[in-house]
Amino acid sequence: MVEGASRITCPAMRMSRLFLRTLRDDPSDAEVESHKLLVRAGYIRKVAAGIYSWLPLGYRVLRKVEQIVREEMDAAGAQEVLLPQIQPLELWAQTGRDQAYGPLMFKLQDRKESDFCLAPTAEEVVTALVAGELSSYRDLPVNLYQIGWKYRDELRPRFGLLRGREFLMKDGYSFDVDVDGLRANYQVMYDAYHRVFERCGLTFRPVVAQSGEIGGDVNHEFMAVAAVGEDDFVWCQACTYAANVEAATRAAVDRHDDGDLIAPVAPPGPAAGPSADGIPAMTPVRTPDAATIAAVAEQLGIDAGATLKCFAFSFVGGDLDGRLGLALVPGDRTVNEYALAVVVAPARAVPLDDDTFATRPDLPRGYIGPDHPDAALIIADPSVRDRASWVTGANRAEHHVRDAVLGRDFRVDEWAAVATVVTGDPCPRCGSPLRIDRGIEVGHTFQLGTKYSVALGAEYTDADGAQHPMVMGCYGIGVSRVVAAVTEEHHDEQGLKWPVGLAPFDVHLLVLAGKGDAAAIAAAAAEQLYLDLVAAGVDVLLDDREASPGVKFADADLIGVPVQVIVGAKGVGRGVVERKIRATGMRDELPLADAASVLSGARP
RNA sequence: CGGGGAGUAGCGCAGAGGUAGCGCACCUGCUUUGGGUGCAGGCGGUCGGGGGUUCAAAUCCCCCCUCCCCGACCA
């Protein structure tokens with residue numbers, strides 16, 4: 001059989017045979033455009049919350065993304081493997097992540113009642129694999145990746161493919177002899193990620209991030225810029241600085257080579273702040289029912305930025321275990337608890353709970369002030385030096401104070417950037433105004449270090465015969481999430497607008513046949529063009545249905561193949577077909593005689 | 001898990017004690033053929049599940065399930 005013949009008979013390429021039903025109405029359970037359109041256009045169907053079937057059109061796109069990822073990973077020197085989706089829970093117990101992940105894992109038992117989970121990720125499996133295979137520095141580095149389904153019983157699956165409980169992920173893992181090797185590998189992956197997301201047509205930004213459950217030091221999230229994104233990130237319009245809001249700083253950052261994310265702001269020097277000259281003595285003021293900054297500001301007729309917020313917490317662990325701590329930020333900002341965690345490490349800062357507030361009348365919720373007698377450590381954001389005096393809590397219910405002056409009425413033990421960044425703050429690198437935008441996290445890269453290799457015994461012998469744990473990195477891409485992120489960026493009221501290279505087909509060929517001799521000629525011309533294109537290796541979707549032109553146009557725009565070619569009786573009579581570029585709406589005419597060669601030349 | 005909303009035909013919805021309806025889709029016939037043609041006729045429903053009240057329950061009561069939105073997590 002000729003190779004072309006099998007392509008021609010592929011039923012998915014003729015719409016009359018394609019397993020597809022488009023919908024006129026938005027599905028009632030969809031909220032965001034990517035979800036609505038992917039369902040309406042017949043790409044996916046929901047089976048359960050966060051779990052979807054991929055229909056022929058959708059699966060084609062998913063495989064296109066997968067292929068781009070595969071090509072870039074292979075080009076970057078990573079080797080593709082396939083790890084199990086069912087993993088023994090015992091493996092997870094060795095790193096303690098069975099507890100850390102907890103209810104996020106789908107768990108199951110075999111007939112012997114041994115415990116397993118559905119893979120939420122694969123650090124344990126891959127590390128154990130490498131530990132068993134490699135034992136010499138001569139074997140390293142190695143970089144493995146897989147593209148496989150992952151399972152996380154999310155607290156709240158949402159937005160269709162954007163947060164599924166079952167999702168396709170590319171997860172990669174590098175193993176090096178030392179941190180230098182890791183950094184080199186990390187850079188290679190970081191660069192490869194740029195190429196992947198560029199090829200997918202995404203507007204994205206790599207941002208420095210806090211490391212989550214996965215552990216490790218430096219890591220970057222790749223954010224596809226989108227209003228429906230679930231993450232806020234800060235970025236500089238003048239330089240390349242970009243960070244997750246949790247990791248963002250303003251002012252000057254002393255950036256270490258090993259990538260401290262929350263570096264201290266330039267030290268304030270001994271001076272305690274603005275002069276107290278001319279500021280009247282601190283005076284209490286009654287503020288009933290004003291336990292929030294907004295309420296205080298309204299009652300006193302002042303700006304929220306003129307109030308000083310005192311975030312009270314307990315130290316857990318460390319020298320100050322059990323003592324009270326205060327974090328001070330201007331009232332128009334909030335305390336960045338991630339930044340605070342870094343400041344108090346290795347101790348933890350635990351917010352006061354309801355019980356504590358109930359049993360400690362000296363800690364009136366909403367009325368806590370900075371000169372609290374029990375405060376063992378007072379940490380303040382540098383912006384607390386920006387104002388000569390503050391309205392703040394009086395440590396007495398229903399009372400605040402005016403004219404609290406730094407150095408005169410309250411002290412600060414430690415200065416650190418513990419306030420959240422807001423739009424307009426100066427960039428820590430170049431001082432230009434920062435912006436905050438929302439993004440969809442489509443990728444995440446981590447420098448893990450030795451957490452997993454130590455726990456799972458992934459060690460190698462060096463040239464001197466000494467044993468060392470391998471130094472690991474890990475690299476994820478949400479492949480199915482990319483499909484949704486791309487549709488968020490590339491669509492209009494009519495439907496999807498796939499970038500070339502991701503589209504389920506290269507060309508959508510519409511036959512406007514109807515009846516009569518002219519129509520029969522047009523139908524024959526379209527059929528021939530279809531066969532020529534298929535023979536030339538172009539993925540063509542032929543709309544050979546007996547439907548009215550309006551239906552075909554509407555479906556073509558909804559499905560969003562980049563190039564539409566319209567073969568109608570009128571045009572064929574003049575020896576031309578019409579071409580429409582879906583993304584731009586641009587239309588032109590091609591001579592029927594060489595339409596096939598023009599279109600196959602336009603192939604990606 | 002807390003707070004809010006919803007489950008009625010494949011999809012989108014109406015119906016609020018008397019045995020179920022509309023639009024789209026689907027089937028048949030005619031019609032139309034460059035932007036979701038028009039007309040006529042048809043198929044399709046354990047009204048999410050279970051229990052209760054009642055002569056009678058989609059409708060009232062109780063329990064459960066599922067789905068969506070807002071919050072704590074992540075690719």
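Because the structure is predicted, anything quoted here is derived from the model rather than measured. Order of the sequence lines sets the chain letters (A, B, ...), proteins ahead of strands, with each chain counted from 1.
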*Asks:* Is B:C39 paired to anything, Watson-Crick or G-U wobble with both distances less than 3.5 Å, and if yes, which nucleotide?
*Replies:* B:G29

*Asks:* Counting only side-chain heavy atoms from C-beta out, which of B:G36, B:C74, B:C69 sits nearest to A:Asp231?
*Replies:* B:C74

*Asks:* Using the C1' atom on both, measure B:G23 against B:G18 and round to a whole Å.
*Replies:* 27 Å

*Asks:* Mind checking what makes side-chain contact (heavy atoms from CB on, under 4.5 Å) contact with A:Ala226, not counting sequence neighbours?
*Replies:* A:Val228, A:Ile440

*Asks:* Provide the Watson-Crick or G-U wobble partner of B:G18, both distances under 3.5 Å; none if there is no partner.
*Replies:* B:C55

*Asks:* So, are A:Asp555 and A:Arg21 salt-bridged, with charged N and O less than 4.0 Å apart?
*Replies:* no

*Asks:* What distance do A:Glu441 atom CD and A:Phe204 atom CZ have between them, rounded to the nearest 0.5 Å?
*Replies:* 14.0 Å

*Asks:* Nearest-Å distance, CZ (A:Arg481) to C1' (B:C74)?
*Replies:* 6 Å

*Asks:* Taking the C1' atom of each, how far is B:G34 from B:C30, in whole Å?
*Replies:* 23 Å

*Asks:* Considering only the C1' atoms, how many Å lie between B:U59 and B:G3, rounded to the nearest integer?
*Replies:* 28 Å

*Asks:* Roughly, in whole Å, what's the span from CD in A:Glu166 to P in B:A75?
*Replies:* 17 Å

*Asks:* Hey, is A:Arg195 close enough to A:Glu198 for a salt bridge, meaning N to O under 4.0 Å?
*Replies:* no

*Asks:* From the set B:C68, B:A72, B:G35, return the single nucleotide nearest to any side-chain atom of A:Ala49.
*Replies:* B:C68

*Asks:* How many Å lie between CG on A:Asp492 and P on B:G35, as a whole number?
*Replies:* 18 Å

*Asks:* Quick one: which of B:U37, B:G36, B:C73 gets closest to the side chain of A:Thr22?
*Replies:* B:G36

*Asks:* Judged by each residue's nearest nucleotide on RNA chain B, which is more toward the 5′ side, A:Arg158 or A:Asp555?
*Replies:* A:Asp555

*Asks:* Once you round to the nearest 0.5 Å, how far does CG of A:Leu448 lie from CZ of A:Phe175?
*Replies:* 9.0 Å

*Asks:* In whole Å, what separates the P atom of B:G48 from that of B:A14?
*Replies:* 14 Å

*Asks:* Determine the interatomic distance between C1' on B:G71 and the same-named atom on B:A9; round to the nearest Å.
*Replies:* 37 Å

*Asks:* Quickly work out the A:Ile521 CD1 to B:U33 C1' distance and round it to whole Å.
*Replies:* 16 Å

*Asks:* Output the rounded distance in Å from CG (A:Leu104) to P (B:A72).
*Replies:* 16 Å

*Asks:* Contact class for A:Gly164 vs. all strands (heavy atom < 4.0 Å): base, sugar-phosphate, or nothing?
*Replies:* base

*Asks:* Could you check whether the side chain of A:Arg163 and the base of B:C73 have a donor-acceptor pair of N or O atoms closer than 3.5 Å, going by distance alone?
*Replies:* yes

*Asks:* Among B:A25, B:G71, B:A75, which nucleotide has an atom closest to any side-chain atom of A:Arg21?
*Replies:* B:A25

*Asks:* Distance check, P atoms only: B:C26 and B:C47, in whole angstrom units.
*Replies:* 27 Å

*Asks:* Give A:Glu578 one of three labels, base, sugar-phosphate or nothing, depending on what nucleic acid heavy atoms sit under 4.0 Å from its own.
*Replies:* base

*Asks:* In terms of side-chain geometry, is the basic nitrogen of A:Glu166 or A:Arg152 positioned less than 4.0 Å from the acidic oxygen of its partner?
*Replies:* no

*Asks:* Near RNA chain B, which residues from residues 23-34 of chain A have a heavy atom under 4.0 Å away?
*Replies:* A:Arg24, A:Asp25, A:Asp26, A:Pro27, A:Ser28, A:Asp29, A:Glu31

*Asks:* Find out whether A:Lys170 and A:Glu66 are in side-chain contact, i.e. whether some heavy atom of one side chain is under 4.5 Å from a heavy atom of the other.
*Replies:* no

*Asks:* Counting the atoms with a prime plus P, OP1 and OP2 as sugar-phosphate, which does A:Arg45 contact under 4.0 Å by heavy atoms, base, sugar-phosphate, or nothing?
*Replies:* nothing

*Asks:* Indicate, with a heavy-atom threshold strictly under 4.0 Å, whether A:Lys46 touches base, sugar-phosphate, or nothing.
*Replies:* sugar-phosphate

*Asks:* Nearest 0.5 angstrom please: A:Leu510 CG to A:Lys552 NZ, how far?
*Replies:* 7.0 Å

*Asks:* Whole angstroms only, please: what is the CZ-P distance between A:Arg545 and B:G36?
*Replies:* 14 Å

*Asks:* Hey, is A:Phe167 stacking on B:A75? Ring centres under 5.5 Å, planes under 30°.
*Replies:* yes

*Asks:* Any ion pair linking A:Arg158 and A:Glu230 (charged N to carboxylate O, less than 4.0 Å)?
*Replies:* yes

*Asks:* Please confirm whether the shortest side-chain N or O distance from A:Lys570 to OP1 or OP2 of B:G34 is below 4.0 Å.
*Replies:* yes

*Asks:* Which is true for A:Val551 with a 4.0 Å heavy-atom rule: it touches a base, it touches only sugar-phosphate, or it touches nothing?
*Replies:* base

*Asks:* What I want to check is whether an N or O donor and acceptor connect the side chain of A:Arg587 with the base of B:G35 at under 3.5 Å.
*Replies:* yes

*Asks:* OP1 or OP2 of B:U32 versus the side-chain N and O atoms of A:Ser548: is any pair under 4.0 Å?
*Replies:* no

*Asks:* Checking contacts here: which listed nucleotide (B:C70, B:U37, B:A75) is nearest the side-chain heavy atoms of A:Phe159?
*Replies:* B:C70

*Asks:* Categorize A:Ile477 for me: base, sugar-phosphate, or nothing, with a 4.0 angstrom heavy-atom threshold over every strand shown.
*Replies:* sugar-phosphate

*Asks:* Map A:Leu162 and A:Leu558 onto RNA chain B by nearest heavy atom, then report which one ends up closer to the 5' terminus.
*Replies:* A:Leu558

*Asks:* When we call it a touch if two heavy atoms are under 4.0 Å apart, what does A:Arg40 touch: a base, just sugar-phosphate, or nothing?
*Replies:* base

*Asks:* What residues form a side-chain contact (heavy atoms from CB on, under 4.5 Å) with A:Gln146, not counting sequence neighbours?
*Replies:* A:Val81, A:Leu82, A:Leu83, A:Ala122, A:Lys150, A:Asp171

*Asks:* Are A:Val479 and A:Phe167 packed together at the side-chain level, in the sense that at least one heavy-atom pair is separated by less than 4.5 angstrom?
*Replies:* no

*Asks:* What interatomic distance, in whole Å, is found between P of B:A72 and the corresponding atom of B:G15?
*Replies:* 36 Å

*Asks:* Considering every strand shown, what is the Watson-Crick or G-U wobble mate of B:A6 when both distances are under 3.5 Å?
*Replies:* B:U66

*Asks:* Please state how far atom CD in A:Gln564 lies from atom C1' in B:G35, giving the value in whole angstrom units.
*Replies:* 11 Å

*Asks:* Round to a whole Å and report the spacing from CD of A:Glu589 to C1' of B:G34.
*Replies:* 12 Å

*Asks:* With rounding to whole Å, what would you report as the distance between B:G29 and B:U66 at their C1' atoms?
*Replies:* 42 Å

